Peer 1: 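Sending over a structure as structure tokens; questions will come in a sec.
Quick note: residue numbers are just sequence positions, from 1. Since the model is a prediction, treat every value here as computed from it, not as a measurement.
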Amino acid sequence: MRYCGPQRNAGLRCEGEGALTARTIGLVGTGVIGAGWAVRALSRGHDVIAWDPVGGAEDRLRAAVERAWPSATRLGLFPGADPVRLRWAGSPEEVAAGAGWVQESAPEDEPLKRSLLHRLDGAADPATVIASSSSGLLPSRLAEGLGHPERLLVGHPFNPVYLLPLVEVVPGEATAEETVAAAMAHYGDLVMYPLLVRNEIEGYLSDRLQEALWRENLHLVNDGVATTAELDDSIVYGPGLRWAAMGTNLTFHLAGGEGGMRHMLGQFGPALKLPWTRLEAPELGAELIEALAAGCEDQAGGRSIAALERQRDDCLLAVMRALRPSGIGAGRLVAEREARILAARASTEAGPWTPGTGIEAPLALYAAVVESDWVDYNGHMTEWAFLTVFGWASDALFRYLGIDEAYRAGGHSYYTVETHLNHRREASLGEPLRVTTQVLGSDAKRLHIFHTMYRDGEMLCTGEQMLVHVDTAAGRSAPLLPGPAAAVAAVTVAHASMPAPPQAGSRMAIPEPED
């Protein structure tokens with residue numbers, strides 16, 4: 001098995017990595033972590049052989065795999081991925097003898113793990129790596145007394161293992177370099193991020209950081225300073241969003257402005273003497289300052305503070321928008337912001353519609369700029385982004401007609417049943433977009449509309465849509481309620497005198513060649 005390099009912490013894939021053949025992964029211990037490993041390996045297209053001494057463990061494991069499989073499917077399945085490739089063993093020795101890689105995930109009890117690892121070591125081929133999923137125990141102690149301590153290390157994952165990519169690879173004093181290389185390649189094959197912990201330390205890296213936050217959390221609750229919900233909100237709506245793309249160090253590097261980490265430490269370093277936490281900070285000497293500053297400059301890789309800020313902002317927007325459909329945390333606020341912006345535009349730019357309103361021209365209800373996550377590898381706006389813009393333009397029209405959150409909460413909404421796009425020009429990052437909307441026809445249940453997208457007066461794209469009004473509780477079409485019905489009828493009459501756009505009703509076809 002190939003190894004990409006001594007660290008492989010840059011997150012780069014090995015050349016040809018996706019072509020590794022199916023293997024048999026052995027799992028000993030099938031609780032939450034062991035079940036996560038099973039899903040991760042099965043979704044990669046590997047075979048899994050598993051064992052756990054607890055009664056009923058096989059049924060629980062298969063049920064856990066079934067529950068997690070939809071999430072693994074959304075992440076993406078490799079060819080051959082199938083839960084039927086899970087086989088149950090009668091002993092840990094059977095697992096060790098039948099697997100090319102063994103992952104132990106027993107409870108965090110050192111004597112228990114050492115006893116189990118001894119059995120695995122005695123049954124596995126000497127070339128087989130044995131990894132422990134320990135979350136804090138020292139691999140050197142786990143390897144004591146083994147016949148082949150050189151093939152043992154810790155591979156510490158994070159729950160849910162089948163989604164989160166981080167795995168800390170922690171070698172012990174006796175661990176061979178070949179074992180570390182095999183581990184980095186193995187976890188890379190599972191499309192994970194193997195982070196090599198170069199210095200053996202209890203709790204490794206990530207858990208030590210989490211533990212510091214957890215202990216401070218316990219103090220704050222114990223002292224009656226805050227509730228659990230208040231403390232969770234302090235992370236969910238703030239630093240937790242940043243941590244998805246930047247860790248503590250690079251985040252604080254940006255907090256120092258153009259001076260970076262050095263300026264931040266000079267400005268905020270004295271605060272380390274204040275009682276902001278029960279965890280005592282080390283002395284902020286010149287050597288520590290240099291290590292932090294130089295480390296952040298290496299992370300920045302020559303990117304300016306301005307470039308890092310743009311990257312941070314793009315990532316934050318992507319994370320917050322990804323949370324939008326769930327209505328959780330910042331995602332809920334993003335949805336609320338969008339609704340309020342559209343409502344404000346409807347009230348200041350074009351209405352809302354009232355009887356006698358001048359509507360004899362296409363309605364200009366929505367404008368935007370091309371955002372970073374809307375462009376592809378060519379730097380141009382993607383098809384789904386055009387659909388997104390036209391979707392927001394439709395939403396703006398609905399609000400203009402009186403179809404807002406309150407209307408939808410009452411159990412009625414328009415559903416799109418057909419869409420045609422006609423692309424004329426490309427759009428690039430940061431360019432301004434303006435959409436006009438013409439109503440081509442309507443009746444009690446249907447609405448036929450035509451969007452035109454412009455950039456500084458130049459037509460970029462058109463979008464034609466047919467929508468049906470639906471009783472959402474009944475799950476079937478239904479007539480519009482009186483208020484929006486009057487608005488739709490008035491706009492339809494006003495727009496009837498306009499010429500139909502030439503693209504309306506068009507279809508795709510390759511003309512027959514002329515004789």
Peer 1: Give a yes or no on whether the backbone of G463 and the side-chain of H420 come within a donor-acceptor separation of less than 3.5 Å.
Peer 2: no
Peer 1: Between T452 and T462 (side chain of the first, backbone of the second, donor and acceptor by atom type, cut-off under 3.5 Å), is there such a pair?
Peer 2: no
Peer 1: For a quick test of reading the model, state the closest non-hydrogen atom pair linking R425 to F386 and the distance between them.
Peer 2: O-CZ, 4.3 Å
Peer 1: Any chance you could measure F398, atom CZ, to S413, atom OG, to the nearest 0.5 Å?
Peer 2: 6.5 Å
Peer 1: If every non-hydrogen atom of G155 is compared with every non-hydrogen atom of P157, which pair is closest and at what distance?
Peer 2: O-CD, 3.2 Å
Peer 1: If you measure only the distance, is there a donor-acceptor pair under 3.5 Å linking the side chains of W37 and S133?
Peer 2: yes
Peer 1: Under 4.5 Å between any side-chain heavy atoms of Q299 and H253, yes or no?
Peer 2: no
Peer 1: When you measure from the side chain of R40 to the backbone of L190, do you find a donor-acceptor pair of N or O atoms at a distance under 3.5 Å?
Peer 2: yes
Peer 1: If you look at every heavy atom in Q438 and A500, which pair is closest and at what distance?
Peer 2: NE2-CA, 4.5 Å
Peer 1: So H186 and W101, would you call those rings parallel, tilted or perpendicular, with 30° and 60° as cut-offs?
Peer 2: parallel
Peer 1: Got a second to check how far L397's CG is from L401's CG, nearest 0.5 Å?
Peer 2: 4.5 Å
Peer 1: Is a side-chain donor-acceptor pair under 3.5 Å present for S135 with H156?
Peer 2: no
Peer 1: Please lay out, stage by stage, how L421 and F390 fare under the test side chain to side chain contact (heavy atoms under 4.5 Å, CB included).
Peer 2: CA-CA 10 Å; L421 296 185; F390 285 141; 3.6 Å; yes
Peer 1: With distance as the sole criterion, is a donor-acceptor pair present between the side chains of E168 and S206 under 3.5 Å?
Peer 2: no
Peer 1: Quick one: CD on E297 to CG on L292, what's the gap to the nearest 0.5 Å?
Peer 2: 11.0 Å
Peer 1: Does a side-chain heavy-atom distance below 4.5 Å link W243 with I235?
Peer 2: yes
Peer 1: Report the C-alpha separation of W384 and W374 in whole Å, then their side-chain angles, then the decisive distance to 0.1 Å, and conclude whether the side chain to side chain contact (heavy atoms under 4.5 Å, CB included) test is met.
Peer 2: CA-CA 8 Å; W384 71 262; W374 290 4; 3.7 Å; yes
Peer 1: Check whether any side-chain heavy atom of Y454 sits under 4.5 Å from a side-chain heavy atom of T436, and report yes or no.
Peer 2: yes
Peer 1: Are the aromatic ring centres of H412 and Y414 under 6.0 angstrom apart?
Peer 2: no
Peer 1: Check whether more than 12 heavy atoms from other residues, nucleotides or ligands sit under 6.0 Å from atom CD of E431, and answer yes or no.
Peer 2: yes
Peer 1: Within the 4.5 Å heavy-atom criterion, are S394 and H451 side-chain neighbours or not?
Peer 2: yes
Peer 1: A side-chain contact here means heavy atoms from C-beta on lying under 4.5 Å apart; do N159 and I33 qualify?
Peer 2: yes
Peer 1: Would you say the side chains of D314 and Q311 form a donor-acceptor pair under 3.5 Å?
Peer 2: no
Peer 1: Can you name the closest pair of heavy atoms from H46 and A22 and give their distance?
Peer 2: ND1-CA, 3.5 Å
Peer 1: Say you draw a straight line from CD of E290 to CE of M261; how long is it, rounded to the nearest 0.5 Å?
Peer 2: 12.0 Å
Peer 1: Would you say that E338 contacts D395 through its side chain, given a criterion of any heavy-atom pair below 4.5 Å between the two side chains?
Peer 2: no
Peer 1: Give the minimum heavy-atom separation between P165 and V191, together with the two atoms involved.
Peer 2: CB-O, 4.4 Å
Peer 1: Would you mind reporting whether I403 and L480 have side-chain heavy atoms less than 4.5 Å apart?
Peer 2: yes
Peer 1: State whether the side chain of Y407 and the backbone N or O of L481 hold a donor-acceptor pair below 3.5 Å, judged by distance alone.
Peer 2: yes
Peer 1: More than 12 non-hydrogen atoms from neighbouring residues, nucleotides or ligands closer than 6.0 Å to CZ on R303, yes or no?
Peer 2: yes
Peer 1: Roughly how far apart are M381 CE and C461 SG, rounded to 0.5 Å?
Peer 2: 7.5 Å
Peer 1: Looking only at heavy atoms, which two atoms of A182 and V129 are closest? And how far apart?
Peer 2: CB-CG2, 4.0 Å
Peer 1: Is a side-chain donor or acceptor of R446 paired with a backbone partner of G441 at a separation under 3.5 angstrom?
Peer 2: no
Peer 1: Answer whether the closest heavy-atom distance between the side chains of L333 and Y237 falls below 4.5 Å.
Peer 2: yes
Peer 1: Do side-chain atoms of R455 reach the backbone of L460 as a donor and acceptor pair under 3.5 angstrom?
Peer 2: no
Peer 1: After noting the C-alpha distance and the side-chain angles of V435 and L365, does the key distance pass the side chain to side chain contact (heavy atoms under 4.5 Å, CB included) rule?
Peer 2: CA-CA 7 Å; V435 179; L365 301 175; over 6 Å; no
Peer 1: Is it true that E211 and R208 have a side-chain N and a carboxylate O under 4.0 angstrom from each other?
Peer 2: no
Peer 1: Would you say CD of E371 has more than 12 non-hydrogen atoms from neighbouring residues, nucleotides or ligands within 6.0 angstrom?
Peer 2: yes
Peer 1: With the threshold set at 4.0 Å, does a side-chain nitrogen-carboxylate oxygen contact exist between D82 and R85?
Peer 2: no
Peer 1: With rounding to the nearest 0.5 angstrom, report the CD to NE2 distance, E426 to H380.
Peer 2: 3.5 Å
Peer 1: Run the numbers on S372 and L429 for side chain to side chain contact (heavy atoms under 4.5 Å, CB included), then give the verdict.
Peer 2: CA-CA 6 Å; S372 59; L429 179 65; 4.0 Å; yes
Peer 1: Check each of L440, N422, T419 against E464 using the side chain to side chain contact (heavy atoms under 4.5 Å, CB included) test, and report the only one that passes.
Peer 2: L440
Peer 1: Could you name each residue pair satisfying salt bridge (charged side-chain N to carboxylate O under 4.0 Å, His left out) that touches residues 373-392, not counting sequence neighbours?
Peer 2: R321-D373
Peer 1: I'd like to know if R399 pairs up with D404 as an ion pair, taking the criterion as any Lys NZ or Arg NE/NH1/NH2 lying under 4.0 Å from an Asp or Glu carboxylate oxygen.
Peer 2: no
